A.B. asks: 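Could you have a look at this structure, given as structure tokens, before my questions?
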Amino acid sequence: MLVEREAESCYLGQFIPVQYHHNMLMDANRMDNFKAAIQHHVFEGAKVLELGGGTGVLSWFAAQSASRVYCVEFNPDMVAEARRLLAKNRYGERVEVIHADAFEYLPPEPVDFVICEMIHVAMLREKQVEVIEGFKRRYAQRFPDAKMPVFIPEAVLMAVQPLQETYDFWGYQAPIIQFTQPGVFSANTQELGQPVLYSVIDFCQPNELTVRWQGSLQIETAGTLTALRFVTKNVLAVLLDTGSTIDWLNHYMAIPVPEPVQVKAGDIVDVSFAYHTGAPISALQNSLRISLRQQSPQVQEAVAASLVAA
């Protein structure tokens with residue numbers, strides 16, 4: 001019988017189908033921003049490691065400048081595919097595709113950068129945090145005098161937002177988890193308030209593998225609270241000279257609340273949840289608790305007036 005980590009990897013993680021990786025090559029939002037961040041970071045002659053290389057494209061971006069790139073992939077089908085595709089591309093010979101487990105692999109020499117994109121919304125399902133934290137411990141033991149490499153992404157910011165989501169599918173009522181493209185308008189979705197940051201993962205620092213949050217969401221628009229949207233922004237590179245960042249937004253994930261709640265402008269919704277990074281989405285969904293803290297009519301009127309003035 002597979003252990004949990006192995007079962008999760010086969011379910012999604014390292015064993016997602018080859019065609020899914022092919023689709024990633026067509027995702028302009030992902031590709032453009034990773035390319036820009038890698039080109040910003042990787043200098044001429046650098047040594048680079050990619051953990052979970054897939055088709056090898058992110059390693060290939062690094063190979064435009066790097067003298068050596070170690071591309072680690074556990075799925076044998078993807079190992080063969082990455083080698084096939086890299087052989088068709090200039091500088092592909094700079095990338096060594098290694099069939100190994102990202103949870104255990106260490107490069108034969110210190111590296112300047114580590115690329116890792118095992119990322120899902122809210123850092124669920126895939127093992128990004130666990131892989132990076134384990135790597136940092138092993139790397140420090142193997143190369144005690146070496147500087148810790150720069151990680152791409154450098155950090156992850158996660159936020160939660162109250163929504164009124166309509167779950168009518170051709171007359172069929174189905175409150176389900178939904179994934180949507182950032183910035184794409186939907187008549188079925190109404191934002192009831194602003195996103196609130198609930199977690200920051202800085203890969204330069206030690207990180208816990210459990211995310212816990214207890215906080216409040218302020219309602220700005222009256223309606224029915226039926227879902228919470230989870231927003232995940234990956235900071236791929238920090239541009240110190242301009243004070244800006246190169247970011248990659250994951251698809252939004254909207255999770256139905258346990259029971260719909262009627263809300264007014266000025267209401268406060270208390271929210272709590274806890275989950276282990278890399279866990280199934282159900283771990284977050286099952287831990288989700290909400291309660292309504294209604295404000296007085298005077299406070300609601302003041303909030304409504306301030307929103308109109310803004």
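Bear in mind that the values here come from a model prediction, so they are computed numbers and not experimental data.
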A.B. asks: Gln64 side chain to Trp60 main-chain N or O, any donor-acceptor pair under 3.5 Å?
C.D. replies: yes
A.B. asks: Does Tyr105 offer a backbone N or O that forms a donor-acceptor pair with the side chain of Arg138 under 3.5 Å?
C.D. replies: yes
A.B. asks: Do Val42 and Val48 have side-chain heavy atoms sitting under 4.5 Å apart?
C.D. replies: yes
A.B. asks: Are side-chain heavy atoms of Leu163 and Leu225 found at a separation under 4.5 Å?
C.D. replies: no
A.B. asks: Please check this pair: side chain of Asp168 against backbone of Gly171, looking for a donor-acceptor N/O pair closer than 3.5 Å.
C.D. replies: yes
A.B. asks: For the side chain of Asn29 and the backbone of Leu249, is there at least one donor-acceptor N/O pair under 3.5 Å apart?
C.D. replies: yes
A.B. asks: Indicate every side-chain donor-acceptor pair of residues 77-87 with a distance under 3.5 Å to a residue at least two apart or in another chain.
C.D. replies:
from, atom 1, to, atom 2, distance (Å)
Glu81, OE1, Arg84, NE, 2.9
Glu81, OE1, Arg84, NH2, 3.4
Glu81, OE2, His22, NE2, 2.8
Glu81, OE2, Arg84, NH2, 2.9
Arg83, NH2, Val97, O, 2.9

A.B. asks: Taking atom CG of Leu240 and atom OG1 of Thr245, what is their separation to the nearest 0.5 Å?
C.D. replies: 11.0 Å
A.B. asks: Which side chain to side chain donor-acceptor pair (under 3.5 Å) pairs, counting each pair once, include a residue from residues 271-284, with sequence neighbours left out?
C.D. replies: Tyr198-Tyr275
A.B. asks: Could you tell me whether Glu191 and Arg229 make a salt bridge, using a distance below 4.0 angstrom between a side-chain N and a carboxylate O?
C.D. replies: yes
A.B. asks: Kindly give the heavy-atom pair with the smallest separation between Ala265 and Glu220, and that separation in Å.
C.D. replies: CB-O, 3.5 Å
A.B. asks: Rounded to the nearest 0.5 Å, how far does OG1 of Thr221 lie from CG of Asp267?
C.D. replies: 11.5 Å
A.B. asks: Taking Asp270 first and then Arg293, would you say they form a salt bridge - that is, a charged N and a carboxylate O separated by under 4.0 Å?
C.D. replies: yes
A.B. asks: I'd like to know if the side chain of Arg289 reaches the main chain of Asn286, judged simply by a donor and an acceptor atom lying under 3.5 Å from each other, with no hydrogens or angles considered.
C.D. replies: yes
A.B. asks: Check whether any side-chain heavy atom of Val150 lies under 4.5 Å from a side-chain heavy atom of Asp112, and answer yes or no.
C.D. replies: no
A.B. asks: At what distance, to the nearest 0.5 angstrom, does CG of Leu192 lie from OG1 of Thr226?
C.D. replies: 7.5 Å
A.B. asks: Out of curiosity, Leu51 CG to Gln128 CD, how far, rounded to the nearest 0.5 Å?
C.D. replies: 8.5 Å
A.B. asks: Nearest heavy-atom pair of Phe113 and His41: which atoms, and what distance?
C.D. replies: CZ-O, 3.1 Å
A.B. asks: Got a sec: does the CD of Gln39 have more than 12 other heavy atoms crowding it under 6.0 Å?
C.D. replies: yes
A.B. asks: Would you indicate whether the side-chain heavy atoms of Ile98 and Cys71 approach each other to under 4.5 Å?
C.D. replies: no
A.B. asks: Minimum heavy-atom separation for Lys127 and Gly278, please, with both atom names.
C.D. replies: NZ-O, 3.2 Å
A.B. asks: Any chance you could measure Asn33, atom CG, to Asp27, atom CG, to the nearest 0.5 Å?
C.D. replies: 9.5 Å
A.B. asks: Under 4.5 Å between any side-chain heavy atoms of Val271 and Leu288, yes or no?
C.D. replies: yes
A.B. asks: For Phe34, give me all partners under ring-ring contact (aromatic ring centres under 6.0 Å, His included), at least two apart in sequence or on another chain.
C.D. replies: Trp248
A.B. asks: Can a donor-acceptor pair be found, under 3.5 Å and without considering hydrogens, that links the side chain of Ser67 to the backbone of Gly45?
C.D. replies: yes
A.B. asks: Taking a hydrophobic cluster as the set of Ile, Leu, Val, Met, Phe, Trp and Tyr residues connected by side-chain heavy atoms closer than 4.5 Å, whether directly or through intermediates, do Tyr252 and Met158 fall within one such cluster?
C.D. replies: no
A.B. asks: Taking Gln161 for the side chain and Gly193 for the main chain, is one N or O donor matched with an acceptor at less than 3.5 Å?
C.D. replies: yes
A.B. asks: Which pair of heavy atoms, one from Cys204 and one from Lys136, lies closest together, and at what distance?
C.D. replies: C-NZ, 4.4 Å
A.B. asks: Considering all heavy atoms of both residues, which atom of Ala63 and which atom of Val95 are nearest to each other, and what is their separation?
C.D. replies: CB-CG2, 3.8 Å
A.B. asks: Please state whether the rings of Phe273 and Phe230 are parallel, tilted or perpendicular, taking 30° and 60° as the class boundaries.
C.D. replies: perpendicular
A.B. asks: Please check if Leu197 and Ile119 belong to a single hydrophobic cluster, counting links between Ile, Leu, Val, Met, Phe, Trp and Tyr side chain heavy atoms closer than 4.5 Å.
C.D. replies: no
A.B. asks: About how many Å separate CZ of Phe203 and CE of Met148, when rounded to the nearest 0.5 Å?
C.D. replies: 13.5 Å
A.B. asks: Scan for ring-ring contact (aromatic ring centres under 6.0 Å, His included) pairs involving residues 152-190, sequence neighbours excluded, and state none if there are none.
C.D. replies: His120-Phe179
A.B. asks: Given Gln181 and His251, is the side-chain contact (heavy atoms from CB on, under 4.5 Å) satisfied, shown in steps?
C.D. replies: CA-CA 5 Å; Gln181 288 276 10; His251 281 68; 3.4 Å; yes
A.B. asks: Check Arg30 with Glu117, please: is the shortest side-chain N to carboxylate O separation under 4.0 Å?
C.D. replies: yes
A.B. asks: Provide the full list of ring-ring contact (aromatic ring centres under 6.0 Å, His included) pairs with a residue in residues 135-156, sequence neighbours left out, each pair given once.
C.D. replies: Phe135-Tyr139, Tyr139-Phe143
A.B. asks: Does Glu109 CD have over 12 foreign heavy atoms under 6.0 Å away?
C.D. replies: yes
A.B. asks: Verify the neighbour count for atom CD of Glu259: are there more than 12 heavy atoms of other residues, nucleotides or ligands below 6.0 Å?
C.D. replies: no
A.B. asks: Looking at Ala122, is its backbone amide N or carbonyl O close enough to the side chain of Thr232 to form a donor-acceptor pair, meaning the two atoms are under 3.5 Å apart?
C.D. replies: yes
A.B. asks: Kindly work out whether a path of hydrophobic side-chain contacts (I/L/V/M/F/W/Y, heavy atoms less than 4.5 Å apart) joins Val231 to Leu228.
C.D. replies: no
A.B. asks: Report yes or no: does Glu154 contribute a side-chain atom to a donor-acceptor pair with the main-chain N or O of Val238 at less than 3.5 Å?
C.D. replies: yes
A.B. asks: Scan Asp202, Ile246, Leu157, Ile201 and name whichever one has a side-chain contact (heavy atoms from CB on, under 4.5 Å) with Val235.
C.D. replies: Leu157
A.B. asks: Using the side-chain contact (heavy atoms from CB on, under 4.5 Å) rule, take Ile290 and Val261 through it: C-alpha gap first, then chi angles, then the decisive distance, then the call.
C.D. replies: CA-CA 9 Å; Ile290 68 167; Val261 179; 4.0 Å; yes
A.B. asks: Compare all side-chain heavy atoms of Leu209 with those of Val129 and state whether any distance is below 4.5 angstrom.
C.D. replies: yes
A.B. asks: Can Val184 be reached from Ile176 by stepping across I, L, V, M, F, W or Y side chains whose heavy atoms are under 4.5 Å apart?
C.D. replies: no
A.B. asks: Search all heavy atoms of Val114 against all heavy atoms of Pro149 and return the closest pair with its distance.
C.D. replies: CG2-CG, 3.6 Å
A.B. asks: Once salt bridge (Lys or Arg N to Asp or Glu O under 4.0 Å) is applied, what residue pairs with a partner in residues 230-257 remain, sequence neighbours excluded?
C.D. replies: Lys233-Asp247
A.B. asks: Look at the side-chain heavy atoms of Ile, Leu, Val, Met, Phe, Trp and Tyr, link any pair under 4.5 Å apart, and say whether Met26 and Leu58 land in one connected group.
C.D. replies: no
A.B. asks: Is the shortest side-chain heavy-atom distance between Glu50 and Cys116 below 4.5 Å?
C.D. replies: no
A.B. asks: Ile177 and side-chain contact (heavy atoms from CB on, under 4.5 Å): which partner among Leu284, Val121, Ile255?
C.D. replies: Ile255
A.B. asks: Could you give me the CA-CA distance, side-chain angles and deciding distance for Leu217 and Ile268, then say whether side-chain contact (heavy atoms from CB on, under 4.5 Å) is met?
C.D. replies: CA-CA 6 Å; Leu217 306 176; Ile268 301 297; over 6 Å; no
A.B. asks: Do side-chain atoms of Asn207 reach the backbone of Gln205 as a donor and acceptor pair under 3.5 angstrom?
C.D. replies: yes
A.B. asks: Is there side-chain contact between Pro162 and Ile219, with heavy atoms separated by less than 4.5 Å?
C.D. replies: yes
